[in-house]
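Right, one structure below, let's go through it.
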Amino acid sequence: MDEIRKSKLMAMLLTKKEELLSTSKKGMATFINGDSRKSHGSGSEDGDISVSLQIEDVSIGALRVRNEMLRQIEKSLLKLKENEYGICDECGEEIDEKRLHAMPFAVRCRDCQETQELFEKTKMARELY
């Protein structure tokens, strides 16, 4: 991988990481400050409590997804340092930069990913029948 591509990918990964960290910090602050419950009524009625708890559950789910994305980005940064990032695990070809920008932790090129998804769908269909 040439140094220009490597530095572009490093910058992209670090930007995504910072965006995720910022969003996660804001989400956590909402829970710590109790803002998520304040904004949905006093909490004295069962309906208000139920809505607040459902919103918290969704927010916690989103935090978990962001945490997993951060973990994958950290893994990608390590692979980049080892000159293994952006290389398809299946065919060994470089993964297109557009794909990496859309999904920074992609481990397969588009063609290999489509083949994998088709294989998984076929396997699931066989298990159902």
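Here the structure is a predicted model, which means the values were calculated and not measured.
Remark: Arg99 engages no residue in a side chain to side chain donor-acceptor pair (under 3.5 Å) (not counting sequence neighbours). Listed by chain and number, the residues in a side chain to side chain donor-acceptor pair (under 3.5 Å) with Thr115 amount to none (sequence neighbours excluded). Not a single side chain to side chain donor-acceptor pair (under 3.5 Å) links Gln54 to another residue, sequence neighbours left out.
Contact of the Leu63 side chain with the Met28 side chain is registered, since non-hydrogen atoms from C-beta on lie closer than 4.5 Å. With contacts defined as side-chain heavy-atom distances shorter than 4.5 Å, the pair Arg66/Ser24 qualifies. Using a 4.5 Å cut-off on side-chain heavy atoms (C-beta onward), Glu68 and Gln72 make contact. Taking the side chain as every heavy atom from C-beta outward, Leu100 and Tyr85 approach each other to under 4.5 Å.
For Ser22 (side chain) and Glu18 (main-chain N/O), no donor-acceptor pair under 3.5 Å exists by modelled atom type.
The shortest non-hydrogen separation linking Ala106 to Ile95 is O-CD1, 3.6 Å. The two residues His101 and Pro104 have their closest heavy-atom pair at O-CD, 4.2 Å. Nearest approach of Ile4 to Ser7, heavy atoms of both residues: O-OG, 3.0 Å.
Applying the side chain to side chain donor-acceptor pair (under 3.5 Å) definition to pairs two or more places apart or across chains, those involving residues 116-127 are Gln113-Glu117, Gln116-Glu120. Residue pairs satisfying the salt bridge (Lys or Arg N to Asp or Glu O under 4.0 Å) criterion with at least one member in residues 4-13, sequence neighbours excluded, are listed as follows: Arg5-Glu94, Arg5-Glu97. Applying the side chain to side chain donor-acceptor pair (under 3.5 Å) test to pairs two or more places apart or on separate chains, those with a residue in residues 73-82 are Lys17-Glu74.
No continuous path of ILVMFWY side-chain contacts below 4.5 Å connects Leu13 to Ile87, so the two sit in separate hydrophobic clusters. Under the 4.5 Å side-chain contact rule for hydrophobic residues, Leu78 and Leu70 do not share a cluster. In the hydrophobic clustering of this structure, Met10 does not group with Val107; members are Ile, Leu, Val, Met, Phe, Trp, Tyr whose side-chain heavy atoms approach within less than 4.5 Å, directly or through other members. The same ILVMFWY cluster, assembled from side-chain heavy atoms under 4.5 Å apart, contains both Leu21 and Phe105.
Rounded to the nearest 0.5 Å, atoms CD (Glu93) and CZ (Arg110) are 13.5 Å apart. Atoms SG and CD, on Cys109 and Glu114 in that order, are 9.0 Å from each other to the nearest 0.5 Å. For the atom pair CG of Leu14 and CG of Leu77, the computed distance is 5.5 Å after rounding to the nearest 0.5 Å.
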